[in-house]
Participant: 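Below: one structure in structure tokens.
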Amino acid sequence: MIVRTRFAPSPTGFLHIGGARTALFSWAFAKKHGGTFILRIEDTDVARSTPEAVQAILDGMQWLGLDYDEGPFYQMQRMDRYKQVIQTMLDAGSAYYCYSSKEELDALREQQMANKKKPRYEGKWRPEAGKVLPAVPKDVPPVIRFKNPQDGVVAWDDMVKGRIEISNSELDDLIIARADGTPTYNFCVVVDDSDMGITQVIRGDDHVNNTPRQINLLKALAEIDSTIIVPQYAHLSMILGNDGQKLSKRHGAVSVMQYDEDGYLPEAVINYLARLGWSHGDEEVFSKQQFAEWFDLDHITPSAAQFNTEKLNWLNNHYIKAANLEVLAKDITQRLGRMGIAIATQPAIKEAIALYRDRANTLNELAQSIAYFYSKPQIDEVAKEKHITADILPVLNTLATQLVSIDWTVEAIHAAIEYAVTSNALKFPKVAMPLRVMLTGGAQSPSIDAVMAILGKDEVLARMNMTLN
RNA sequence: GUCCCCAUCGUCUAGAGGCCUAGGACACCUCCCUUUCACGGAGGCGACCGGGGUUCGAAUCCCCGUGGGGACGCCA
């Protein structure tokens with residue numbers, strides 16, 4: 001059978017890290033098996049769905065490089081189909097009208113909770129052989145409920161959690177169409193998964209409780225249309241925030257696009273997410289393509305995973321070091337632009353990046369660290385006081401005048417500094433540190449001669465003189 | 001409350017009854033490299049939630065407990 005997986009977000013917000021991982025795993029499973037990955041937008045909640053959210057999800061998927069083979073499909077465009085299926089269920093007797101009002105249901109729920117029972121629809125309008133239904137009230141528009149089996153158990157072999165069995169007595173007759181006629185989530189999912197020929201449903205484990213309902217629905221549908229099959233299910237555990245707390249809008253849940261803004265490479269985010277809850281032996285660093293080749297549902301951890309920014313940083317640093325310099329230059333130029341720093345042709349940004357990429361966890365850090373090449377640095381006063389001492393000023397002055405006439409190469413610059421050091425019987429840092437402070441603003445930088453070579457003679461002298469005079 | 005799920009270093013994880021003196025990675029610490037800070041290299045610290053079984057043998061299988069999480073909508 002050809003594998004068909006899907007990612008089915010509801011457009012009520014951005015694509016967050018949990019959704020991104022679900023999408024990634026679905027995508028990878030399809031790729032691994034040469035199958036088809038489908039994007040489906042579950043927008044039946046008209047009140048909360050927005051076109052902006054749809055776009056945000058599309059943007060997020062694109063940034064991560066999660067390309068889909070089919071879709072995006074929109075559930076709102078499939079209304080006719082849902083209504084048609086509901087009618088067949090009504091005709092077959094596997095669905096029925098229920099005239100209990102919302103108020104009535106709320107009261108029932110409250111009472112059940114108070115009695116420490118699991119709140120459930122009690123089946124007032126469920127037709128039964130020999131049962132006399134109440135008189136239909138005139139003022140209540142009916143919902144349509146699914147006639148869920150009352151006996152036995154629903155069971156499935158979850159591909160990550162193993163066998164799960166739930167007694168039908170735990171389930172009630174769920175509403176499949178609202179009073180206004182629009183179908184509800186569990187019903188739409190079932191029709192779509194079935195119509196789209198989904199073979200593996202890979203989703204968050206907050207859906208575990210929906211699964212038995214969906215399987216029952218599918219089985220009822222299969223009695224009408226025998227070609228309908230129950231897919232396999234894989235429920236992914238959730239991702240917790242850095243502090244171990246559940247991610248929520250108020251608490252740490254951010255758009256994947258925020259990672260772009262914060263200076264993370266999509267390769268790093270993909271790699272990180274892949275290792276969150278899944279493993280391939282001791283492998284830690286691998287590409288999306290490699291992941292797709294290795295991916296399998298057998299090596300997914302069933303327990304929740306805590307997000308760890310430090311490990312993401314480490315991976316991001318790895319990918320920054322490995323990135324194409326040309327691509328990096330383009331990105332960093334934009335980031336500097338957003339910081340209000342325009343890039344001159346000199347110094348060459350690629351050289352500055354090459355000098356600094358090893359030490360940056362994010363692209364923003366990288367941009368920040370080379371900003372001083374293009375705008376005068378803010379001198380760190382503490383570092384200045386510590387390193388630019390009165391006794392070293394004459395040495396620096398002499399060095400400045402010597403620098404005027406040398407070839408502007410790393411070697412020549414190094415030789416000039418070395419001369420200043422030895423001729424005054426000093427240690428190298430004694431001269432290098434004040435140079436760092438004058439030229440970069442702080443006490444940490446790569447080799448100072450390399451920095452100077454890139455900065456350019458004029459700028460080096462200008463900055464030196466600014467402090468020395 | 002009811003039902004469901006989960007449980008190995010601080011974190012992500014390896015682990016399919018003997019390969020486990022529990023492995024790797026991030027973080028942390030030490031040392032080396034060194035021109036400061038990084039990078040890199042070499043080491044170190046550090047875990048099977050508790051209790052019962054099963055077995056010659058349990059991190060691994062079973063039961064109970066504890067802890068955490070999820071679901072219980074005319075939301076998805």
Side-chain angles (χ1 to χ4, degrees), chain A residues 8-12 42-45 47-49 75 98 100-102 105-106 109 112-120 141-145 158 160-162 164-167 169-172 174-186 188-189 204-212 235 237-238 240 242 244 246 272 275-285 298-299 301-315 317 321 356-360 369 383 387 414 417-418 421 427-433 435-437 440 442-450:
Chain A
S10 62
T12 54
E42 310 215 319
D43 54 357
T44 54
D45 185 354
R48 294 198 303 155
S49 297
Q75 289 187 321
C98 165
S100 295
S101 67
K102 271 184 194 175
L105 260 16
D106 287 345
R109 189 168 19 247
Q112 286 168 328
M113 290 284 261
N115 290 340
K116 307 193 173 187
K117 289 268 181 79
K118 185 171 181 169
R120 281 197 304 252
V143 299
I144 299 170
R145 286 185 187 270
D158 196 277
V160 334
K161 290 183 187 291
I164 299 177
E165 289 188 359
I166 285 156
S167 172
S169 60
E170 290 297 327
L171 274 22
D172 63 359
L174 75 152
I175 292 171
I176 59 175
R178 302 179 180 91
D180 65 5
T182 58
T184 59
Y185 169 74
N186 279 110
C188 296
V189 167
D205 74 356
D206 47 335
H207 288 291
V208 166
N209 295 274
N210 289 324
T211 306
H235 288 99
S237 61
M238 54 186 304
L240 273 20
N242 263 306
K246 188 193 173 182
Y272 180 72
R275 279 292 284 108
L276 209 52
W278 175 85
S279 62
H280 185 76
D282 290 340
E283 300 292 344
E284 294 287 350
V285 181
D298 298 336
H299 291 84
T301 330
S303 53
Q306 190 172 320
F307 196 88
N308 184 229
T309 304
E310 279 166 340
K311 188 161 183 181
L312 206 214
N313 284 344
W314 172 74
L315 274 170
N317 172 251
K321 284 189 281 191
Y356 272 91
R357 69 198 313 193
D358 283 359
R359 56 188 68 216
S369 67
H387 297 292
H414 185 85
I417 299 173
E418 193 67 52
V421 168
K427 299 268 191 201
F428 200 96
K430 187 74 183 164
V431 178
M433 292 311 290
L435 282 173
R436 273 200 178 87
V437 177
T440 74
Q444 288 108 47
S445 84
S447 290
I448 194 61
D449 40 24

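Every chain is numbered from 1 and lettered A, B, ... according to where its sequence line falls, protein lines coming before strand lines. Because the structure is a prediction, the values reported are computed rather than measured.
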Participant: Using atom P in both nucleotides, what's the gap between B/U54 and B/U13 to the nearest angstrom?
Facilitator: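 Each nucleotide's P atom is 34 Å from the other's.
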
Participant: A/Phe307 has an atom CZ; how far is it from atom P of B/U13, in whole Å?
Facilitator: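 Those two atoms, CZ and P, are 12 Å apart.
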
Participant: Looking only at atom types and distance, does a side-chain atom of A/Asp180 sit under 3.5 Å from a main-chain N or O of A/Thr182, one as donor and one as acceptor?
Facilitator: yes

Participant: Apply side-chain hydrogen bond (donor to acceptor under 3.5 Å, both in side chains) to A/Thr440 and A/Arg436, showing your working.
Facilitator: CA-CA 5 Å; A/Thr440 74; A/Arg436 273 200 178 87; over 6 Å; no

Participant: Could you tell me the separation between the CD1 atom of A/Ile166 and the C1' atom of B/U2, rounded to a whole number of Å?
Facilitator: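 Those two atoms, CD1 and C1', are 13 Å apart.
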
Participant: Which base, if any, makes a Watson-Crick or G-U wobble pair with B/C9, both distances under 3.5 Å?
Facilitator: none

Participant: Sticking with atom C1', work out how far B/C19 lies from B/G15, rounded to a whole angstrom.
Facilitator: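 One C1' to the other, the span is 11 Å.
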
Participant: In terms of heavy-atom contacts, does NZ of A/Lys321 have more than 12 from other residues, nucleotides or ligands at under 6.0 Å?
Facilitator: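 Result for NZ/A/Lys321: enclosed.
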
Participant: Please state the C1' separation for the pair B/A47 and B/C20 - nearest whole angstrom.
Facilitator: 13 Å

Participant: Write down the distance separating the P atoms in B/U30 and B/C45, rounded off to the nearest Å.
Facilitator: 15 Å

Participant: Without swapping roles, check the side chain of A/Arg178 against the backbone of A/Pro183 for a donor-acceptor pair under 3.5 Å.
Facilitator: yes

Participant: Start with the C-alpha distance between A/Asp45 and A/Tyr185, add both sets of side-chain angles, then the distance that settles side chain to side chain contact (heavy atoms under 4.5 Å, CB included), and finish with yes or no.
Facilitator: CA-CA 9 Å; A/Asp45 185 354; A/Tyr185 169 74; over 6 Å; no

Participant: Check whether any side-chain N or O of A/Ser447 sits under 4.0 Å from OP1 or OP2 of B/U35, and answer yes or no.
Facilitator: no

Participant: Who is the Watson-Crick or G-U wobble partner of B/A71, with both distances under 3.5 Å?
Facilitator: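 Partner of B/A71: B/U2.
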
Participant: Between B/A14 and A/Ser279, is there an OP1 or OP2 to side-chain N/O distance shorter than 4.0 Å?
Facilitator: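 Looking at the OP1 and OP2 atoms of B/A14, one of them is under 4.0 Å from a side-chain N or O of A/Ser279.
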
Participant: For a quick check of understanding: with a heavy-atom distance under 4.0 Å over all strands, which category does A/Lys311 fall into, base, sugar-phosphate or nothing?
Facilitator: base

Participant: Heavy-atom distance under 4.5 Å between the side chains of A/Leu105 and A/Lys102, does that happen here?
Facilitator: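 A side-chain contact under 4.5 Å is absent here.
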
Participant: With heavy atoms under 4.0 Å as the rule, sort A/Asn317 into base, sugar-phosphate or nothing.
Facilitator: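 Counting heavy atoms under 4.0 Å across all strands, no contact is made by A/Asn317.
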
Participant: Taking B/C28 as the reference, what is the distance to B/G46 when you measure between their C1' atoms (whole Å, please)?
Facilitator: 10 Å

Participant: Measuring only between side-chain heavy atoms, which start at C-beta, is A/Glu42 closer than 4.5 Å to A/Val189?
Facilitator: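 Touching, per the 4.5 Å side-chain cut-off.
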
Participant: Which part of the nucleic acid, if any, lies within contact of A/Ser303, taking any heavy atom under 4.0 Å across all strands shown: a base, the sugar-phosphate backbone alone, or nothing?
Facilitator: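 Contact class for A/Ser303: sugar-phosphate only.
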
Participant: When you check the phosphate oxygens OP1 and OP2 of B/G15, does a side-chain N or O of A/His299 lie under 4.0 Å from one of them?
Facilitator: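 So the side-chain polar atoms of A/His299 do come within 4.0 Å of the phosphate oxygens OP1 or OP2 of B/G15, strictly under.
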
Participant: Considering heavy-atom distances to RNA chain B, does A/Ala360 or A/Ile164 have its closest nucleotide positioned more toward the 5' end?
Facilitator: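 Going by which nucleotide is closer to the 5' end, it is A/Ile164.
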
Participant: Give the rounded distance in Å between these two atoms: CE of A/Met433 and P of B/U34.
Facilitator: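 To the nearest whole Å, that distance equals 18 Å.
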
Participant: Rounding to a whole Å, what distance do you find between A/Lys116:NZ and B/C3:P?
Facilitator: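 From A/Lys116 NZ to B/C3 P: 13 Å.
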
Participant: Pick the closest RNA chain B nucleotide for A/Ala305 and for A/Lys117 by heavy atoms, then say which residue is nearer the 5' end.
Facilitator: A/Lys117

Participant: In this structure, how many angstroms lie between the P atom of B/U13 and the CD atom of A/Glu284, rounded?
Facilitator: 10 Å

Participant: Apply side chain to side chain contact (heavy atoms under 4.5 Å, CB included) to A/Thr44 and A/Thr184, showing your working.
Facilitator: CA-CA 7 Å; A/Thr44 54; A/Thr184 59; over 6 Å; no

Participant: In whole Å, I'd like the distance from the CG atom of A/Asp358 to the C1' atom of B/U36.
Facilitator: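 Those two atoms, CG and C1', are 16 Å apart.
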
Participant: Quickly, which of A/Glu284, A/Glu283, A/His280 forms a side-chain hydrogen bond (donor to acceptor under 3.5 Å, both in side chains) with A/Arg275? Name it, please.
Facilitator: A/Glu284

Participant: Give one of base, sugar-phosphate or nothing for A/Lys321, where a contact means two heavy atoms less than 4.0 Å apart.
Facilitator: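 A/Lys321: backbone/sugar contact only, no base atoms under 4.0 Å.
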
Participant: Of all the heavy-atom pairs spanning A/Ser237 and A/Asp205, show the shortest one and how long it is.
Facilitator: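 Reported closest heavy-atom pair: CA-OD2, 3.5 Å.
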
Participant: Taking any strand in view, what nucleotide pairs with B/G50 in a Watson-Crick or G-U wobble way, both distances under 3.5 Å?
Facilitator: B/C64

Participant: Could you tell me how far B/A59 sits from B/G73 if I compare only their P atoms? Round to whole Å.
Facilitator: 43 Å

Participant: Looking at every strand, decide which applies to A/Gly277 at a 4.0 Å heavy-atom threshold: base, sugar-phosphate, or nothing.
Facilitator: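 Answer is sugar-phosphate: A/Gly277 comes under 4.0 Å of backbone atoms only.
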
Participant: Could you state the atom-to-atom distance from CG of A/Leu276 to P of B/C6 in whole Å?
Facilitator: 18 Å

Participant: Taking B/A14 as the reference, what is the distance to B/A71 when you measure between their P atoms (whole Å, please)?
Facilitator: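 Those two atoms are separated by 25 Å.
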
Participant: Would you kindly give the CD-to-C1' distance between A/Glu310 and B/C28, to the nearest whole Å?
Facilitator: 9 Å

Participant: Taking the P atom in each of B/A58 and B/A22, what is the distance between them to the nearest angstrom?
Facilitator: 16 Å

Participant: What string of B, S and - do you get for nucleotides 70-76 of chain B, 5' to 3', if B is base contact, S is sugar-phosphate-only contact and - is no contact with any protein heavy atom under 4.0 Å?
Facilitator: BSBSBBB

Participant: According to the Watson-Crick and G-U wobble definitions, with both distances under 3.5 Å, which nucleotide is paired to B/G18?
Facilitator: B/C56

Participant: Counting the atoms with a prime plus P, OP1 and OP2 as sugar-phosphate, which does A/His280 contact under 4.0 Å by heavy atoms, base, sugar-phosphate, or nothing?
Facilitator: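 The answer is nothing, as A/His280 stays clear of every strand by at least 4.0 Å.
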
Participant: Mind checking if A/Gln306 touches a base, just sugar-phosphate, or nothing, with heavy atoms under 4.0 Å?
Facilitator: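 Answer is sugar-phosphate: A/Gln306 comes under 4.0 Å of backbone atoms only.
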
